[in-house]
Trainee: 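Have a look at the structure that comes next, please.
These numbers come from the heavy atoms of this one structure, side chains and all, not from hydrogens, waters or symmetry mates. Labels below follow one simple rule: chain letters A, B, ... track the order of the sequence lines, proteins then strands, and each chain is numbered from 1.
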2 protein chains.
Amino acid sequence: MAGRPRLVDVAARAGVSEKTVSNFVNGYPHISASTREKVEAAISELGYRPNLSARSMGRGRTGFIAFAVPGLDNPYFAELAGRVISRAAEERWTVLIEETGGRKTSEDALVDTMPYLVDGIILHPESLTAVDIAERGRDTPIVLIGERDLARSADHVVSDNVAAAREITQHLLDSGRRSIATIGLRPDASLQTSQLRHWGFSAALERMGLVADEDLSVAAEGYARADGDLAMQQILASGKLPDAVLCFNAVVAAGALSRLAREGISVPGRVAVAAFDDIDEAAFMVPPLTTVAWDVGAIADSAVRLLAERQEARTAPVREVSVGYRLEIRASTTGL
Amino acid sequence: MAGRPRLVDVAARAGVSEKTVSNFVNGYPHISASTREKVEAAISELGYRPNLSARSMGRGRTGFIAFAVPGLDNPYFAELAGRVISRAAEERWTVLIEETGGRKTSEDALVDTMPYLVDGIILHPESLTAVDIAERGRDTPIVLIGERDLARSADHVVSDNVAAAREITQHLLDSGRRSIATIGLRPDASLQTSQLRHWGFSAALERMGLVADEDLSVAAEGYARADGDLAMQQILASGKLPDAVLCFNAVVAAGALSRLAREGISVPGRVAVAAFDDIDEAAFMVPPLTTVAWDVGAIADSAVRLLAERQEARTAPVREVSVGYRLEIRASTTGL
DNA sequence: CCCGCGATCTACAGCGCTGTAACGTTCCGC
DNA sequence: GCGGAACGTTACAGCGCTGTAGATCGCGGG
């Protein structure tokens, strides 16, 4: 018995069949007290631990799910990942975190590698590309997190970016701001999150009879703080200083705030700043940042639940769960 | 042939043996061009993908490694995780990210579950407890990230927290600060990172003939921004306002800076602030934060390399790799 | 023309576990 | 006291792949 003990070793030592040990390990209830004791003893004496690969094989399930997000460096996704992990643990799932980074190759690799490795995938797509791919890999259950429009044939957890954008823009308008810049619109693909947020933004303006100033819609290269910094710099350089800035994500907002501080421009005195995604950091920025706070607990919860239920009923009709948000009003848009 | 195609299906279609297909899939070089073609065709026609569980079983290796850190919500660990993931990919490893949260149960579960699931573990321990456990689970190769003293019988990537602390404290002293508070010392366990950093801090003071003021060493409950905020509040409430604050991690520093800003206390005019861990956020804080910047690239690189090499030589002597750091001096300690 | 060798490919026995089917027993309800 | 359900346990055939050992073939040297 070189190497680690196996089921058969435990069985021999306890004087029962392999399957009985297996039953014990898996919590099968109908085992007599005496057998239970013997098996328990044998396991601890031998230090037996089940081989998960073998278990996966026999069972046809792996006990893993994948959680695929653009990038962990964005705290929003890191926080969401944490929630998904703990929620999935309740379903006895181990979570594999995958970073797609929006790169096409990664997204391909994901769908190539994941089946046979995971029981399901929770995908937070960055663009439609990912969604298409995801829908192609129909073998493995997939839950999409994102906009209602994104979903075609997969379960999904939807959020209403347009409505949220409209509401936070309205908040800025309510506080008297009239010239509002935006940072983070990505023009390259349609139907993206930033696109939707921009629509909501425009809609709010239009309702007030205003029109979004093209020049004040600054794109950001990526989702890093440096991108927000640079974008803010561009706005300042343009000459027409807005009285508010709406950032399409909070990380970029951190960069923008940083730039404003270094330029000595008072927030919110001279410029108000608001953003999407209420990451932990937001409340501690200087000044604290007003955000759209998605209900991340509900997102993680719903996603895992949908996956678990799909596991039971593979052919059930596609389902959709909405999650809410609230405005987290802080000093970046209200203080004097 | 219901379900997904298997090796045997591909073999049948290509008119070769199972093993030949297996060889092809695994890059075995001695395969004739004609065979290669047939197999290739069969694979793509059938859309064959290997079953990783089965492969793990046959091979005795899983293709996974675990990267265990206290928590992903700390951007330092999130960033490090990203590096480890991409570096591990080069070794054809998939990384399982585990959050220990410092909870004993998680740490136990880790060592219980991981063997048979991963080929190795990279552990960034929070306390000695984790290290002890890790060393107990000698079946699976483990690489520790942390202090030299922590390591006993496992490969490790070491950083010199004491030296780093001494150096950044010296920087504060050099800029004329004399009353320095610290935030983040955790008194509960010995040999912890925060403990070591505090030693270095004290050492630097002593070299100048100064003594650390006990009252100005404020503990933090956890590693959240709110903890830093609260700690800073306590310092302010104590009545004796220091002229510098050294935070034992950058997240806590964010909270401290936030509090100072809200109280209208100028940084660095009235109080300088410095911290450990040069997370992306640090450069964009208001004001930008001076930090000890570990060479995270080297950390990830070394850890994965040690694990890979240990894989080849299980009985080789334990090895140790040092990684450096540099001071990232920013406005929080220098501006007017 | 035979031998040895490398290149190419195959047969087959596992890897460690679980599902299924089925066995003997005991426990009920009437 | 009997038929049937529930219980406790077992035997065994896979799950899909890989390692090992070995078969086959062509080729150059002797």
Trainee: Rounding to a whole Å, what distance do you find between A:Phe24:CZ and C:dT18:P?
Mentor: 13 Å
Trainee: Restricting to side chain to side chain donor-acceptor pair (under 3.5 Å), what partner residues turn up for B:Ser302, sequence neighbours left out?
Mentor: none
Trainee: Verify the contact: side-chain N or O of A:Tyr48 to OP1 or OP2 of C:dC17, cut-off strictly under 4.0 Å; return yes or no.
Mentor: yes
Trainee: Please state how far atom CG in A:Leu52 lies from atom C1' in C:dT18, giving the value in whole angstrom units.
Mentor: 14 Å
Trainee: Without decimals, in angstroms, what is the distance between A:His30 NE2 and D:dC7 P?
Mentor: 4 Å
Trainee: So which pairs with a foot in residues 63-77 of chain B pass side chain to side chain donor-acceptor pair (under 3.5 Å), sequence neighbours left out?
Mentor: none
Trainee: Which of residues 31-43 of chain B have a heavy atom under 4.0 Å from DNA chain D?
Mentor: none
Trainee: Just the rounded figure in Å: distance from P of D:dC17 to CZ of B:Arg55.
Mentor: 8 Å
Trainee: Who are the side chain to side chain contact (heavy atoms under 4.5 Å, CB included) partners of B:Arg13, not counting sequence neighbours?
Mentor: B:Ala42, B:Glu45, B:Leu46
Trainee: With salt bridge (charged side-chain N to carboxylate O under 4.0 Å, His left out) as the rule and sequence neighbours excluded, what pairs involving residues 14-27 of chain B come up?
Mentor: none
Trainee: Just the table, please: protein N/O against nucleotides 22-26 of chain D N/O, every pair under 3.5 Å.
Mentor:
none

Trainee: How would you list, by chain and number, every residue that makes a side chain to side chain donor-acceptor pair (under 3.5 Å) with B:Gln311, sequence neighbours excluded?
Mentor: none
Trainee: For nucleotides 10-15 of chain C, give me one character per nucleotide, 5' to 3': B if any protein heavy atom sits under 4.0 Å from the base, S if the only such contacts are to the sugar-phosphate, - if neither.
Mentor: BB---B
Trainee: Output the distance between atom CD1 (B:Ile85) and atom CG (A:Leu72), rounded to the nearest 0.5 Å.
Mentor: 6.0 Å
Trainee: Please, which pairs that meet salt bridge (charged side-chain N to carboxylate O under 4.0 Å, His left out) have at least one residue in residues 57-68 of chain B, sequence neighbours excluded?
Mentor: B:Arg61-B:Asp119
Trainee: C:dC17 P sits how many Å from A:Arg61 CZ, rounded?
Mentor: 19 Å
Trainee: What salt bridge (charged side-chain N to carboxylate O under 4.0 Å, His left out) pairs are there with at least one residue in residues 82-93 of chain A, not counting sequence neighbours?
Mentor: A:Arg87-A:Glu90, A:Arg87-A:Glu91, A:Arg87-A:Asp301
Trainee: Do side-chain atoms of A:Glu79 reach the backbone of A:Asp280 as a donor and acceptor pair under 3.5 angstrom?
Mentor: yes
Trainee: What residues form a side chain to side chain donor-acceptor pair (under 3.5 Å) with A:Ser56, not counting sequence neighbours?
Mentor: none
Trainee: By ring-ring contact (aromatic ring centres under 6.0 Å, His included), which residues pair with A:Phe77, not counting sequence neighbours?
Mentor: A:His124
